[in-house]
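One structure is given here, and the rest of the page talks about it.
All of these numbers come straight from a predicted model, not from anything done at the bench.
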Protein chains: 4
Amino acid sequence: MTRRTKRDVVQEFRKSEILSAARTVFSRKGFHDATIDDIAASAGLAKGTVYLYFKSKQEIYLAALRDGIEALLRKMRADAEGPGTARDKLRRLIETKMAFFDENVDFFQIIQSELGRLDTTMNECRDLYFDQTRIIEDVLKAGIKEGAVRKLNTAKAAFAVADLTKGIVIQRTMGWSKTRLKGEVDFIFNLLWKGIST
Amino acid sequence: MTRRTKRDVVQEFRKSEILSAARTVFSRKGFHDATIDDIAASAGLAKGTVYLYFKSKQEIYLAALRDGIEALLRKMRADAEGPGTARDKLRRLIETKMAFFDENVDFFQIIQSELGRLDTTMNECRDLYFDQTRIIEDVLKAGIKEGAVRKLNTAKAAFAVADLTKGIVIQRTMGWSKTRLKGEVDFIFNLLWKGIST
Amino acid sequence: MTRRTKRDVVQEFRKSEILSAARTVFSRKGFHDATIDDIAASAGLAKGTVYLYFKSKQEIYLAALRDGIEALLRKMRADAEGPGTARDKLRRLIETKMAFFDENVDFFQIIQSELGRLDTTMNECRDLYFDQTRIIEDVLKAGIKEGAVRKLNTAKAAFAVADLTKGIVIQRTMGWSKTRLKGEVDFIFNLLWKGIST
Amino acid sequence: MTRRTKRDVVQEFRKSEILSAARTVFSRKGFHDATIDDIAASAGLAKGTVYLYFKSKQEIYLAALRDGIEALLRKMRADAEGPGTARDKLRRLIETKMAFFDENVDFFQIIQSELGRLDTTMNECRDLYFDQTRIIEDVLKAGIKEGAVRKLNTAKAAFAVADLTKGIVIQRTMGWSKTRLKGEVDFIFNLLWKGIST
DNA sequence: AATGAATGAGAATTCATTCAT
DNA sequence: TATGAATGAATTCTCATTCAT
């Protein structure tokens, strides 16, 4: 078993500090307009220091993305594996995703602005993105077994769920919609459930 | 009435040629990685010439966006004002948008990658984006009057329609879904209509 | 036949201007301490302009080297193919080489300082270096046929000629020896000829 | 008489360890591409520790050079002061120098690549370099007294000896000549002796 | 003494923009 | 109008050196 030395802990801490700063800067300026200097300053460090923890701007970017996506996936998996009917789970998934982005607006902006240009280095992120729809799909399949969901193309339906949720997130992120989260979830879930239930 | 001189016509023509080239290049490389040289070469012009028609790279970019959005809006308005029930119109709107992006993949990529970071200069584009949902909303309102659509928050529902459509477009743009367009439209419209009809 | 347009001529001219400046700077500071800014300034250009003519610092460096070596080789070949006995030719080769470096001190410094680290990109330069000794060797072989030169390992002897000449060049380059060129040539040729003649 | 405290001894030892590591690294990468980290790692120390023993990278470099040159000079002086005729001594000097560099290839590479650019800080190294030719010159003068060497400019001749030897060393260092050391010495000494003997 | 984290000056390279032809 | 050579600001990344522990 590898014991984490004090140094490891500090390293880890610095890294997460930098990533946090990076997330803020990237979300505000996008990948290209964000400079390492921006990130360093935002983290209260000198430029060179950032390079002690990350090999390149790309690496910081990817790490920031990966971190966020993984955190979201963890939460969604917990929802899907939790108790309740498929209906309950579906609702919870939507809630979770929205709440997550409500609290991580900057992270969402990053995802949003770069999904369009997933070059090779970004592939792992795309995979993680797909994982998300797969979680939803599994819940839908369970719903069909339960008889609560009508027989439909679960893959397509899963995307629909993800897209609708994302749409709301965009509106909230952009500040176009300020209503309570619960109202949004109600509306969208209602629409969806009518659309997919038996 | 201002008569368009021959010069104006030529100007207009050159501009649209450059924009067309720009759209291709921007969609392939994104705003930052696209160089003026790329665009000029793609338009068969010298770098300096581009600056005779546009003040800056930004301006080209915005013009390219505006152009595309306006073309889409024109088509969607035509749909909304055409004949048929709200149901027919809604279906047609979805079809139109998907077909449009199917034929203008590059343009979609541009929108997609930059909508997340609408700084002040981009505001006019956001407005155009909103227009789109307003068109949908009007159709939904008509549907309610017809009694075909249940009473619901039409603004939110309009966004839902737009988001679902966009989701499909993304999948197609990324090459994740290769099926015939009609199948996609059927699926999504079906889901939606079940969700919003009385 | 490719006709050189005026543009080609200008291009060629600029390139040679930059190379000339580069040679001066490189010889004074060495590859690493020379900055592109130095070279540009020395050529009376802006930094960016240099990059219109050369892809990288490396490329400038290699071009400067190649240029010089080729010029020297051309002169030496002319000597070797000129009239006279092997003895005459050998003397002339030495004279030529020394005179060449007397006039191209900076170039010599470059060669001198980098022969030690011929990485892959430098290989062509090494080849050119070898060509030089081969020219000498051919003259020596002719000398043996004439009966003027004793039978010896011509390859090794050629290197000896080259090394002795280079040694003198170093002394002159460093300013350690200020005497007339002719005296140096006399001394060294005398020594050599005694060493290799029958 | 200053007594060397134990501390002094340790200091001296560490310094020489670092210099040894430095020599290896410098010869492999050259002055600029060698990093203090490289040297420290190669010496099994932390970067900061190196600075306890040397003020700067420059200083390490110079010390490494000086060390090597002094070692060579010591050996050559021993040769010159040893028994035998001038002829014997001259041969031995050549042998010694070649053997020394055969065993210290890395050190030779350093000298080779930097002698071309002796700026002020390097001056002391140049002096050491000159000492070498002076040793040879003294032997030549003795040879003249013995009547074995013809009357000639001993300074120039000494440089010739040094240059020829260096030439061979280069070829061996570069791996262009793999034959036994003795053969090389024979050839060059033979040539030289014919050139300078009465 | 020893460490290695932090610093920031410095260098290569790119490219939007200008301007003389 | 059209051109494309010239410019130089801006950016990423490296590494010698310092300094708190």
### Message
Check the phosphate of E/dT17 against B/Tyr51, side-chain N and O only, distance under 4.0 Å to OP1 or OP2. Yes or no?
### Response
yes

### Distance, rounded to the nearest Å, where B/Ile36 contributes CD1 and E/dT14 contributes P
17 Å

### Among C/Arg28, C/Lys47, C/Lys29, salt bridge (charged side-chain N to carboxylate O under 4.0 Å, His left out) partner for C/Asp38
C/Lys29

### Donor-acceptor contact present, side-chain C/Ser27 to main-chain C/Arg23, <3.5 Å
yes

### Query
Should E/dA9 form a Watson-Crick or G-U wobble pair with both distances under 3.5 Å, which nucleotide is its partner?
F/dT14

### Task
Using the closest heavy atom to pick a nucleotide of DNA chain F for each, name whichever of A/Lys55 or B/Gly44 lands nearer the 5' end.
B/Gly44

### Message
Using a heavy-atom cut-off of 4.0 Å across all strands, would you classify C/Leu52 as base, sugar-phosphate, or nothing?
### Response
base

### Strand partner of E/dA1, provided both Watson-Crick or wobble distances fall under 3.5 Å
none

### Query
When all nucleic acid strands are considered with a 4.0 Å heavy-atom cut-off, which category describes B/Glu59: base, sugar-phosphate, or nothing?
nothing

#### Entry: A/Gln58 vs F/dT12: side-chain N/O to OP1/OP2 distance below 4.0 Å
no

### Whole-Å gap separating P (F/dA16) and CG (C/Asp33)
12 Å

#### Entry: Length of the CZ-C1' vector between B/Phe54 and E/dA16, whole Å
16 Å

## Note on the structure
Judged by nearest nucleotide, the residue sitting upstream toward the 5' end of DNA chain E, D/Ala46 or A/Arg14, is D/Ala46

### Query
Hey, does A/Ala34 reach any base, or is it just sugar-phosphate, or nothing, if we go heavy atoms under 4.0 Å?
sugar-phosphate

### Message
When you measure from the side-chain N and O atoms of C/Thr49 to the phosphate of F/dT7, is any distance below 4.0 Å, counting only OP1 and OP2?
### Response
yes

### Query
Between D/Phe26 and D/Phe31, how do the two ring planes meet: parallel, tilted or perpendicular, split at 30° and 60°?
parallel

### Task
Using a 4.0 Å heavy-atom cut-off across all strands, classify D/Thr35 as base, sugar-phosphate, or nothing.
sugar-phosphate

## Note on the structure
Paired with D/Lys55, the side-chain contact (heavy atoms from CB on, under 4.5 Å) test is passed by just one of D/Glu59, D/Gln58, D/Lys57, namely D/Glu59

### Interatomic distance where CZ belongs to B/Phe31 and C1' belongs to E/dC15 [whole Å]
12 Å

### Query
Is D/Ile60 close to D/Ile36 at the side-chain level, that is, under 4.5 Å between some pair of heavy atoms?
yes

#### Entry: Nucleotide E/dA6, atom P - distance to CG of D/Asp37 in whole Å
15 Å

### Partner nucleotide of E/dT21 by Watson-Crick or wobble geometry (both distances under 3.5 Å)
F/dA2

### Query
Does the pair C/Leu45 and C/Arg14 meet the rule for a side chain to side chain contact (heavy atoms under 4.5 Å, CB included), with working shown?
CA-CA 10 Å; C/Leu45 297 170; C/Arg14 271 273 186 280; 4.1 Å; yes

### Query
Which comes earlier along DNA chain F counting from the 5' end, the contact point of B/Val10 or that of C/Val50, where each point is its nearest nucleotide?
B/Val10

### Message
Is there a side-chain contact between D/Lys57 and the phosphate of F/dA16, meaning an N or O under 4.0 Å from OP1 or OP2?
### Response
yes

### Message
Suppose we call a contact any N or O donor and acceptor under 3.5 Å apart; does that hold for the side chain of B/Lys47 and the base of E/dT17?
### Response
yes

### Query
Do the side-chain N or O atoms of D/Tyr53 get closer than 4.0 angstrom to the phosphate oxygens (OP1, OP2) of E/dA2?
yes

